[in-house]
**Student:** 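One structure, as structure tokens, below. Some questions next.
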Amino acid sequence: MFVILDSGPLGMLCNPTAASPETITCKLWFEDRLSHGADFAIPEIADYEIRRELLLGGRTESLRRLDLFKSSLIYVPITTPMMLRAAELWALARQRGRPTAGGEALDGDMILCAQWDWARARSDDVVIATTNVRHLSEFSDARVWREL
């Protein structure tokens, strides 16, 4: 299984204090899936979403952990073909009457779906691990991380 981490689970994994039960459970889930052979990927859009908040809050230990994950897991950088696909998905969602963000928003969810498309072309079993499948499930296989 190829698991793309959305910003929700990635943010919990970067939290060094693991104070909440959900964060602890997420870390245990990640270790279990890793030990059972899952390949994990960090999409650049999720890195961006987490990194900006960590920088804003001065959370240097969490930033260090994010960089460690970035260097030890598969990193999926944003490419021009991915952005072209994200624009198509953005327009398609609006044509269907189901926009996933405001009209002026960059819409990171559509960029993440485009990154999922890229990964799916390389593996049969690709899923996005997230905390909210609503916007992602229209154009990708997205599941709540606990259910994987």
Side-chain angles (χ1 to χ4, degrees), residues 1-54 61-102 105-148:
M1 177 177 278
F2 189 82
V3 181
I4 299 174
L5 293 169
D6 192 8
S7 56
L10 181 59
M12 287 187 275
L13 293 172
C14 292
N15 183 338
T17 58
S20 76
E22 184 176 32
T23 300
I24 293 167
T25 302
C26 185
K27 289 179 178 186
L28 292 172
W29 164 81
F30 174 76
E31 292 298 328
D32 180 66
R33 297 292 84 216
L34 205 56
S35 71
H36 284 90
D39 290 318
F40 282 90
I42 297 176
E44 189 168 16
I45 190 64
D47 179 290
Y48 166 77
E49 290 175 337
I50 295 300
R51 186 173 302 277
R52 68 185 181 182
E53 294 300 322
L54 297 177
E61 180 56 25
S62 294
L63 281 165
R64 187 192 68 72
R65 291 174 64 89
L66 178 58
D67 287 336
L68 181 62
F69 281 122
K70 186 176 173 179
S71 66
S72 61
L73 300 177
I74 299 164
Y75 189 74
V76 183
I78 294 172
T79 64
T80 299
M82 287 176 193
M83 290 303 287
L84 295 174
R85 179 66 176 145
E88 291 173 7
L89 296 175
W90 183 92
L92 186 57
R94 277 151 183 76
Q95 290 167 352
R96 292 179 178 175
R98 294 190 293 268
T100 56
L106 180 63
D107 201 349
D109 286 341
M110 293 303 93
I111 297 170
L112 180 56
C113 286
Q115 291 192 284
W116 174 83
D117 265 354
W118 172 88
R120 188 178 57 141
R122 286 145 186 82
S123 175
D124 292 336
D125 193 13
V126 181
V127 64
I128 297 172
T130 187
T131 55
N132 184 353
V133 300
R134 191 173 57 134
H135 292 148
L136 300 171
S137 62
E138 179 81 17
F139 299 109
S140 70
D141 182 3
R143 301 181 215 164
V144 175
W145 62 267
R146 285 182 220 85
E147 297 171 3
L148 296 176

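Quick note: numbers below take in every heavy atom, side chains included, and nothing from hydrogens, waters or symmetry partners. Small disclaimer: the values here were computed from a predicted structure and weren't measured.
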**Student:** Without hydrogens or angle criteria, can the side chains of N132 and T130 be said to hold a donor-acceptor pair below 3.5 Å?
**Tutor:** no
**Student:** Return the minimal non-hydrogen interatomic distance between P9 and T131, and the atom names on each side.
**Tutor:** CD-CG2, 4.0 Å
**Student:** Please find the pair of heavy atoms, one from V76 and one from A41, that lie closest to each other, and give the distance.
**Tutor:** CG2-CB, 3.9 Å
**Student:** CD1 of I111 to CD of E49: how many Å apart, nearest 0.5 Å?
**Tutor:** 8.0 Å
**Student:** Where do S140 and I128 come nearest, in terms of heavy atoms and distance?
**Tutor:** OG-CD1, 3.5 Å
**Student:** Shortest non-hydrogen contact from V144 to V133?
**Tutor:** N-CG1, 3.6 Å
**Student:** Can you pull the side-chain hydrogen bond (donor to acceptor under 3.5 Å, both in side chains) pairs that have at least one residue in residues 33-44, sequence neighbours excluded?
**Tutor:** D32-H36
**Student:** Look up atom CE in M110 and atom CD1 in I45, then write down how far apart they are to the nearest 0.5 Å.
**Tutor:** 11.5 Å
**Student:** For this output row, return yes or no: ring centroids of W145 and F40 closer than 6.0 angstrom.
**Tutor:** no
**Student:** Out of curiosity, R120 CZ to I4 CD1, how far, rounded to the nearest 0.5 Å?
**Tutor:** 10.5 Å
**Student:** Give the C-alpha distance, both sets of side-chain angles, the deciding distance and a yes or no for side-chain contact (heavy atoms from CB on, under 4.5 Å) between C14 and L10.
**Tutor:** CA-CA 6 Å; C14 292; L10 181 59; 4.1 Å; yes
**Student:** Can you list every side-chain hydrogen bond (donor to acceptor under 3.5 Å, both in side chains) pair that touches residues 67-80, not counting sequence neighbours?
**Tutor:** R51-D67
**Student:** Apply side-chain contact (heavy atoms from CB on, under 4.5 Å) to residues I74 and F2 and explain how you reach the verdict.
**Tutor:** CA-CA 10 Å; I74 299 164; F2 189 82; 3.4 Å; yes
**Student:** Looking at CG of D47 and CD1 of I42, how far apart are the two atoms once the value is rounded to the nearest 0.5 Å?
**Tutor:** 6.5 Å
**Student:** Could you report the tightest heavy-atom contact between L5 and A46, atom names first, then the distance?
**Tutor:** O-CB, 3.6 Å
**Student:** Would a 4.5 Å heavy-atom cut-off, applied to side chains only, mark Q95 and L92 as touching?
**Tutor:** yes
**Student:** So, taking the atom named CZ in F139 and the one named CG in D117, what distance separates them when rounded to the nearest 0.5 Å?
**Tutor:** 10.0 Å
**Student:** As an exercise, state the distance from CG of N15 to SG of C26, rounded to the nearest 0.5 Å.
**Tutor:** 10.0 Å
**Student:** Step by step, would you call V126 with D141 a side-chain contact (heavy atoms from CB on, under 4.5 Å)?
**Tutor:** CA-CA 7 Å; V126 181; D141 182 3; over 6 Å; no
**Student:** Please report the closest heavy-atom contact between R64 and E61, naming both atoms and the distance.
**Tutor:** NH2-OE2, 2.6 Å
**Student:** Please step through side-chain contact (heavy atoms from CB on, under 4.5 Å) for the pair M83 and I78, ending with a clear verdict.
**Tutor:** CA-CA 7 Å; M83 290 303 287; I78 294 172; 3.5 Å; yes
